[in-house]
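Throughout, residue positions are numbered sequentially from 1 according to the sequence presented.
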Amino acid sequence: MNAPLITILSGKRHRALAAIAAIALTTLPALAQDVPNPLARNADADPRNLLQGIWNGANLENRSNCSAVQNNGIHGTYAQYAVSFDRPNAIMGIDETAITGLTCTYVGTYNDDRFRPQWTGNYDCSDGKTGSFVMQKLLATPNEMSIRLAIKLNGRETCDVDSILGGSRF
């Protein structure tokens, strides 16, 4: 015959275990307040503190549904980015200068959601390209950045663009 899975405790032993459990439950919240939250974001890790300034890297694009079919596909070019924030108005801007001489400006509303920052706005370039964008992903460290944008070109050329603005700096 198998032993029972649950053992019924005697009255004294049961009261002693209940007292220990009660003490543990009253002290745990106090102990938890003394331990820093390992997931709390340090103020220095705020993307607005990390992204501001000059970056060097590449603009990678995967274009689809273009009105000029030859523009579909993957494109990339070296670029320098100047990232700025207007904190009181919740605006983020990027001025991009490509090695080809092309310049593009991205300006939009930045919402500093703790777990998923959001940036949406408009985009225009010196070659006449215009459109709107929505940030899909953001990576920011003191030495690297990657901003993935879903861009919808809506000027003389229309395209859906999956773009990654990537850069490094010392």
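When ring centroids are compared, Tyr106 and Tyr123 come within the 6.0 Å threshold.
Heavy-atom minimum distance, Ala140 versus Leu50: O-CD1, 3.3 Å.
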Quick one: do Ile94 and Ile147 satisfy side chain to side chain contact (heavy atoms under 4.5 Å, CB included)? Show the steps, please. CA-CA 11 Å; Ile94 296 180; Ile147 302 171; 3.8 Å; yes

Please determine whether side-chain hydrogen bond (donor to acceptor under 3.5 Å, both in side chains) holds for the pair Thr105 and Asp95, giving the CA-CA distance in whole Å, both sets of side-chain angles, and the decisive distance to 0.1 Å. CA-CA 5 Å; Thr105 300; Asp95 290 320; 3.3 Å; yes

Evaluate side chain to side chain contact (heavy atoms under 4.5 Å, CB included) for Lys152 paired with Phe133, printing each intermediate quantity in order. CA-CA 6 Å; Lys152 187 78 166 171; Phe133 66 84; over 6 Å; no

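Here the straight-line distance linking atom CG of Leu153 with atom CG of Asp160 works out to 8.5 Å at 0.5 Å rounding.
There is no side-chain donor-acceptor pair under 3.5 Å between Ser64 and Asn72.
The main-chain N or O of Gln80 is never found under 3.5 Å from a side-chain atom of Trp55 such that the two would form a donor-acceptor pair.
Salt bridge Arg48/Asp112: present, at least one basic N to carboxylate O contact under 4.0 Å.
Residue pairs satisfying the side-chain hydrogen bond (donor to acceptor under 3.5 Å, both in side chains) criterion with at least one member in residues 130-145, sequence neighbours excluded, are listed as follows: Thr130-Asn154.
Under the salt bridge (Lys or Arg N to Asp or Glu O under 4.0 Å) criterion, Asp127 pairs with Lys129, sequence neighbours left out. Considering only residues two or more places apart in sequence or on other chains, Tyr81 meets the ring-ring contact (aromatic ring centres under 6.0 Å, His included) condition with none of them.
In the displayed structure, Arg87 atom CZ is contacted under 6.0 Å by more than 12 heavy atoms of other residues, nucleotides or ligands.
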